[in-house]
Amino acid sequence: MSQKDKLPNRRQKILDFIQDFMQDNGIPPTVRDIQKACEISSTSVVDYNLRLLDRDGFLNRRPEMARGIELLGASGTHGANTLKVPIVGSIAAGSPIPVFPNEMDSQNADFDFIEISSEVNRKYGTVFALEVKGTSMIDALIDDGDVVLVQPTPNVEQGEMAVAWIADREEATLKKFYVEGDKVRLQPANSAMGPIYCQAKNVEVRGKVVGVIRKY
DNA sequence: CATCGTCAAGACGCGACCCT
DNA sequence: AGGGTCGCGTCTTGACGATG
């Protein structure tokens, strides 16, 4: 059935663009973004091609939702290059909750595992997964119950999504991270919620989000 | 109202057949 | 072989409904 992985030009271009776009912006493009970028005369062509890419397992589309594209791994390479990552705990996207998993006491509990493309591993090294609680990152298309892939690192760029540990509250939270002078702004991606301001020394970055996996 | 995803109808290109 | 036509994949135009 499915042939060699020689995608038609247009499909490959669309796939590449989505990949780039998500890297640059952290969110998937709209159909019309793709249309412009790939010089396609109509959104239906984009839709048509996305449908095929969906069918062939290059991406998932979330119906009834804007920007509902999820890229699946293994574009170009052979499929089945996946590896399992433990979901080591949950992270609050709402108000902070005082649980943050110790990555290493993962042995005794029976964790859920989630399969990701091994490209992620190649790119970011070891990552771990956290289940998201709350909806404060909904505008970044991270919903309650979704799983984020986190690269353990203390370094995040301005505006990147980070797992932040607020020392004096002993709470961890998932927010967009901005340094503003000697303060840190933890910004939810949800227009209904306001940012949290903290002293920079009071905030410790535990890792940054490098991927999102949606769950049903 | 602007943005976004989806759909219906039809056109075009191309290869696979089929015929005289 | 040369010409007709059918099917299929792809694309265009244009419009609709949902959402914020």
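These numbers come from the heavy atoms of this one structure, side chains and all, not from hydrogens, waters or symmetry mates. Throughout, protein chains are lettered first and strands after them, A, B, ... in sequence-line order, and every chain is numbered starting at 1.
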Nucleotide [N], atom [atom2] - distance to [atom1] of [X] in whole Å:
X       : N      : atom1 : atom2 : result
A:Arg32 : C:dA15 : CZ    : P     : 14 Å
A:Ile40 : C:dT10 : CD1   : C1'   : 11 Å
A:Tyr48 : C:dC11 : OH    : C1'   : 9 Å
A:Ile34 : B:dC4  : CD1   : P     : 12 Å
A:Gln35 : B:dT6  : CD    : P     : 14 Å

How would you list, by chain and number, every residue that makes a side chain to side chain donor-acceptor pair (under 3.5 Å) with [X], sequence neighbours excluded?
X        : answer
A:Glu204 : A:Arg206
A:Gln187 : A:Arg185
A:Asn49  : A:Arg11
A:Thr43  : none

Applying side chain to side chain contact (heavy atoms under 4.5 Å, CB included) to A:Glu160 and not counting sequence neighbours gives A:Val156, A:Glu157, A:Lys208
Pairs: protein N or O with nucleotides 7-10 of chain B N or O, under 3.5 Å:
residue: B:dC7; atom: OP2; partner: A:Arg51; partner atom: NH2; Å: 3.2
residue: B:dC7; atom: N4; partner: A:Ser44; partner atom: OG; Å: 3.1

Phosphate oxygens OP1/OP2 of C:dC11: is one of them under 4.0 Å from a side-chain N or O of A:Asn49? yes
Check: A:Asp146 side chain, A:Asp143 main-chain N or O, donor-acceptor pair, under 3.5 Å: yes
